[in-house]
Amino acid sequence: MSKSIKIITQLVKNPIVINSSWGGVSQVLQSVLLSLFFVLIARYYSTVVFANFIIATVLYQLISAFSSLGLSQWFIREITGLDDKKDLVNKFFKLQIYSGVTFYLINIAVGFLLYDDRQIQLLTLLLGINIVFDNLITAIKCINISEFKQKKTFIILSIDAFLKFAVTCFLFIFPFSIITLSIILVIVRFVTLNLFLKIGSSSLINLKLLFQYNIPISYIKTLLKLNWPFIIIGSISIINWRISTIIISKVLSRKDVADFEISYRIFTIAQMLPVVVSATVFPILINFFKEDKFKEFNALYRKIHIYYFLFGLFSFTFVYSFIDFILPIVFGLNYAGTGIYTRQMFLTILVFPTAFLQANVLVAMKLEKLDMWFNIIILIINLTCCIVGLYFFKSLFVINISIFISFLFFHILQDAMFINKKISTKKHVLEFYIFSIVLVLSYVFLSQLLNPLILFAAFWIILISLIFYSIKRKILMK
């Protein structure tokens, strides 16, 4: 009993557990509120209006991916362990202001160039303002991550999610147009930014002295020249997902835009846990690598890899079994047939969590250029599969499978490099793919024979029992 208490005490004091717990609770709350916000919009507005809102939102997210200049991971890596942080923090913050304004103007130009629809153009003009706000919020979030103060970030983002949800609730009391909704959402984001500046920002940020910091053009050029891989990495990872919505809007119907977005929103809920945990694991990996603690570095990577693999498998089996039951209840009968596309998209969750972890490992090892090229390759694969596939088949199936194929190649490229660097082994990599294929195919086959609830429960009871048996056997052998 005392040993168990000791283990629990150690876990409670563990920074990964502390920060991930805060992140987990906050992300669950945010996801629930933002999902409800999304559901209410989908239910209230027509499919066409809803799709137009999605297109404008995705466009601003795509441009926003470039506006941060991809410097978030670079900033976290550089500031970690740095004694004098003030100069770096304020220059980074001011740079994000300049960049945000520039890319907001680019967002407007792209929106008007791609779409003739007046509603989409107006929505692009309004929602694009968030690019400036998001840049500043991202800068503060990076500082909090580097100082292990994610608690501030999680609390404020939860408030932001609650305010958005509250706004959509008023749709059913005082109905208003999608344009009015967009204006209110921009105001909410401005309030969130002010909360970050007042209570969520580091003491290193001094707004009064901020504009006294001079950022020469030569400094910006040098920074971008030295860290351009981060711009590619930070941009492509988002583009690889969100470009699909733009392609769908130009080739397929507005209904397909809505179906894809609903599937994607459910996917983002599933991916939130590995993303939250990785935000805490990443600085620890950096410290292990900087201090030449390679044994601890590899041990942490392999442990988290197993957890992520199991989480991805759990998410896939859950969605495969229950999505047809969930969607009509949540989104209404108009989206009762969306389940098939959600299942297709969730093939990617089988490799996304571990691929995300391995990408962080690469950056921690200062191999961001290699990660950049991997990201470029998978974007090319994704776009190629989409273009070729849509030429023959005008179906959302092509988009979902293209995303899965690109992430699978991404994972394989990472695995090859990890084997070469002796971070992983051929045995470990083969086990990952063999277990994934066997377990997924078995589950899909058995789903045709058994009740979904019985299959899901039995599958995980048996799998967890086998895992505990394997762990116990290894302990006894030692």
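When only modelled atom types and interatomic distance are considered, S406 and N382 share no side-chain donor-acceptor pair under 3.5 Å. N135 and S67 share a donor-acceptor pair across their side chains, judged by distance under 3.5 Å alone.
Looking at residues two or more places apart in sequence or on another chain, you find no salt bridge (Lys or Arg N to Asp or Glu O under 4.0 Å) involving D256. With sequence neighbours excluded, the residues forming a side-chain contact (heavy atoms from CB on, under 4.5 Å) with L185 are F37, F53, K164, L181, listed by chain and number. When the side-chain contact (heavy atoms from CB on, under 4.5 Å) test is applied to V39, the partners found at least two apart in sequence or on another chain are R43, V330, F331. Taking the side-chain contact (heavy atoms from CB on, under 4.5 Å) definition, one finds that I412 meets it with L408, Y433, sequence neighbours left out. In this structure S64 satisfies the side chain to side chain donor-acceptor pair (under 3.5 Å) test with no other residue, sequence neighbours excluded. For F297, the side-chain contact (heavy atoms from CB on, under 4.5 Å) partners are L285, F288, F289, V361, A364, M365, not counting sequence neighbours.
For T425 (side chain) and H428 (main-chain N/O), a donor-acceptor pair under 3.5 Å exists by modelled atom type.
Sorted by first and then second residue, the salt bridge (Lys or Arg N to Asp or Glu O under 4.0 Å) pairs involving residues 423-451 (not counting sequence neighbours) are K427-E431. Annotation: salt bridge (Lys or Arg N to Asp or Glu O under 4.0 Å) contacts involving residues 264-274, sequence neighbours excluded, comprise E261-R265. Residue pairs meeting the ring-ring contact (aromatic ring centres under 6.0 Å, His included) criterion with at least one member in residues 379-399: none, sequence neighbours excluded. A salt bridge (Lys or Arg N to Asp or Glu O under 4.0 Å) check over residues 382-411, counting only residues at least two apart or in different chains, returns nothing. Applying the salt bridge (Lys or Arg N to Asp or Glu O under 4.0 Å) rule to pairs touching residues 48-63 yields nothing, sequence neighbours excluded.
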Side-chain donor-acceptor pairs under 3.5 Å in residues 315-324, sequence neighbours left out?
residue, atom, partner, partner atom, Å
S315, OG, F311, O, 3.0
T317, OG1, L313, O, 3.1
T317, OG1, F314, O, 2.9
T317, OG1, W460, NE1, 3.0
S321, OG, T317, O, 3.2
S321, OG, Y443, OH, 2.4
D324, OD2, R343, NH1, 3.3
D324, OD2, R343, NH2, 2.4

